[in-house]
**Q** 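So that we are looking at the same thing, I have put the structure below in structure tokens.
Convention: sequence-line order gives letters A, B, ...; per-chain numbering from 1.
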Amino acid sequence: MRIATWNVNSVNSRLPRLVEWLRLASPDVLCLQETKVADDAFPAEPVEALGYRVAHYGQGRWNGVAILSRVGLDDVARGFAGDPGFPDGETLEARAVAATCGGVRLWSLYVPNGREPGHPHYTYKLAWFAALRDAVRAEAAGSAPFALLGDFNVAPQDVDVWDVAKFADATHVTPPERAALAQLRDLGLADVMPRALKGPHPYTFWDYRGGAFHKAEGMRIDLVYANPALAKAVTDAYVDREARKGKGASDHAPLVVDLSL
DNA sequence: ATGCCTTTCCCAGAAAGA
């Protein structure tokens with residue numbers, strides 16, 4: 001079974017590349033983030049033509065997450081209890097969707113950016129992590145394979161950014177954000193470390209600006225956090241940086257995990 | 001270096017991303 005996660009930065013803008021990549025990589029399940037469409041505007045037809053079913057949770061201009069599966073799509077959950085919302089609990093954002101696919105429980109996550117330390121969005125990011133942890137605790141502890149996949153918007157370690165000195169006073173590397181990841185791992189989840197297809201670092205994101213991709217100025221912020229039942233089944237994991245090349249690419253590359261369940 | 005690019009809203013330029 002092949003599962004994958006990809007922040008596509010607009011599913012409509014990325015549709016030709018998404019269809020091409022589904023054909024090339026042939027994942028059984030693909031988690032998408034930043035679809036940037038409402039549920040009724042998701043371009044399901046070309047995806048369904050390839051044999052996938054779609055669970056989408058979107059809201060239009062921003063955010064939006066989905067799970068595409070050709071091995072079943074059961075018990076879909078949109079959002080989670082305790083989501084703090086932004087700017088308040090009256091305004092929930094479409095950042096989490098879950099489904100059970102072929103007996104594997106998977107969450108597609110788009111963690112809030114945080115903008116800058118001390119910003120209300122940063123406070124929201126940390127609260128969102130804490131609520132997510134509580135919401136998935138029981139599923140993670142079960143005997144069935146389980147994983148959180150998506151754009152976590154945190155680089156777990158200094159080696160996960162191209163130059164940590166450039167991130168002084170910036171989000172994605174602060175101790176509270178990394179502590180939020182550690183608290184997820186404390187649920188018994190393991191960071192499924194991908195191999196890089198080129199170079200030493202399995203980055204998953206390169207900014208559009210300044211030729212970052214060609215200068216290898218990337219970040220590993222798209223992650224797969226797996227419980228023991230899933231982690232022990234991993235046979236391979238890699239970042240498909242080919243998908244970041246050329247015109248019309250997302251600023252994120254897909255992260256692929258192969259399982260022998 | 002207060003940007004660099006890309007996307008959305010929708011047609012002008014702001015907001016957001018990370």
**Q** Look only at the side chain of A/Q33 and the backbone of A/N7, and say whether a donor-acceptor pair between them is shorter than 3.5 Å.
**A** yes
**Q** Give the residues of residues 109-121 of chain A touching DNA chain B, defined as any heavy atom closer than 4.0 Å, sorted by residue number.
**A** A/Y110, A/N113, A/R115, A/H121
**Q** Over all heavy atoms of both residues, which pair between A/K247 and A/R17 is shortest? Give the atoms and the distance, please.
**A** O-NH1, 2.7 Å
**Q** Can you sort out the partners of A/E217 under salt bridge (Lys or Arg N to Asp or Glu O under 4.0 Å), two or more places apart, ordered by chain and number?
**A** none
**Q** Answer yes or no: does a side-chain N or O of A/N153 lie under 4.0 Å from OP1 or OP2 of B/dA18?
**A** yes
**Q** Would you check if the side chain of A/K215 reaches a backbone N or O of A/G210 as a donor-acceptor pair within less than 3.5 Å?
**A** yes
**Q** Please figure out whether A/R209 or A/D151 has its closest DNA chain B nucleotide nearer the 5' end.
**A** A/R209
**Q** Should A/S10 be listed as having a side-chain N or O under 4.0 Å from OP1 or OP2 of B/dT8?
**A** yes
**Q** Please give the distance between the P atoms of B/dA16 and B/dC10 as a whole number of Å.
**A** 16 Å
**Q** Classify the ring geometry between A/W128 and A/F80 as parallel (under 30°), tilted (30 to 60°) or perpendicular (over 60°).
**A** perpendicular
**Q** If the P atom of B/dA14 is compared with that of B/dC4, how far apart are they to the nearest Å?
**A** 12 Å
**Q** Rounded to the Å, how far apart are A/Y124 OH and B/dA18 C1'?
**A** 16 Å
**Q** Return the 5'-most residue of the pair A/G248, A/R95 with respect to DNA chain B, ranking by each residue's nearest nucleotide.
**A** A/G248
**Q** Only counting residues at least two apart or in another chain, list the ones meeting ring pair (Phe, Tyr, Trp, His ring centres under 6.0 Å) with A/Y122.
**A** none
**Q** Please list each protein N or O that sits under 3.5 Å from an N or O in nucleotides 11-13 of chain B, with the distance.
**A**
none

**Q** In whole angstrom, what separates A/H252's NE2 from B/dA16's C1'?
**A** 12 Å
**Q** Taking the ring of A/F86 and the ring of A/H121, is the distance between their centroids below 6.0 Å?
**A** yes
**Q** Only one of A/F146, A/F129, A/F152 passes ring-ring contact (aromatic ring centres under 6.0 Å, His included) with A/Y225; say which it is.
**A** A/F152
**Q** Quick check on B/dT6: is either OP1 or OP2 less than 4.0 Å from any side-chain nitrogen or oxygen of A/S13?
**A** no
**Q** If the condition is ring pair (Phe, Tyr, Trp, His ring centres under 6.0 Å), which residues does A/H201 pass it with, not counting sequence neighbours?
**A** A/Y203
**Q** Whole Å only: how far is the CG atom of A/D207 from the C1' atom of B/dA18?
**A** 7 Å
**Q** On a whole-Å scale, what distance lies between the P atoms belonging to B/dG13 and B/dA1?
**A** 29 Å
**Q** Determine yes or no for a side-chain-to-main-chain donor-acceptor pair under 3.5 angstrom, with A/T204 supplying the side chain and A/D222 the backbone.
**A** yes
**Q** Any Lys/Arg nitrogen of A/D158 or A/R178 sitting under 4.0 Å from an Asp/Glu carboxylate oxygen of the other?
**A** yes
**Q** Considering only heavy atoms from C-beta outward, does the side chain of A/R23 approach that of A/V19 to under 4.5 Å?
**A** yes
**Q** Do the non-hydrogen side-chain atoms of A/L149 and A/S108 ever get within less than 4.5 Å of each other?
**A** no
**Q** Check the distance between B/dC4's C1' and A/F213's CZ and give it to me in whole angstrom.
**A** 18 Å
**Q** Rounded to the nearest angstrom, tell me the gap between atom CG in A/N9 and atom P in B/dC9.
**A** 13 Å
**Q** Is any side-chain N or O of A/N63 closer than 4.0 Å to OP1 or OP2 of B/dA16?
**A** no
**Q** For A/K245 and B/dC5, give me the distance from atom NZ to atom P, rounded to whole Å.
**A** 21 Å
**Q** Just how far, in rounded Å, is P of B/dT7 from CZ of A/F205?
**A** 13 Å
**Q** May I have the distance from A/R14 (atom CZ) to B/dC5 (atom C1'), rounded to whole angstrom?
**A** 12 Å
**Q** Can you tell me, in whole Å, how much space there is between the C1' of B/dA18 and that of B/dT7?
**A** 14 Å
**Q** Output the residues of residues 214-225 of chain A in contact with DNA chain B, where contact means a heavy atom of the residue under 4.0 Å from an atom of the strand; sort by number or write none.
**A** A/M219, A/I221
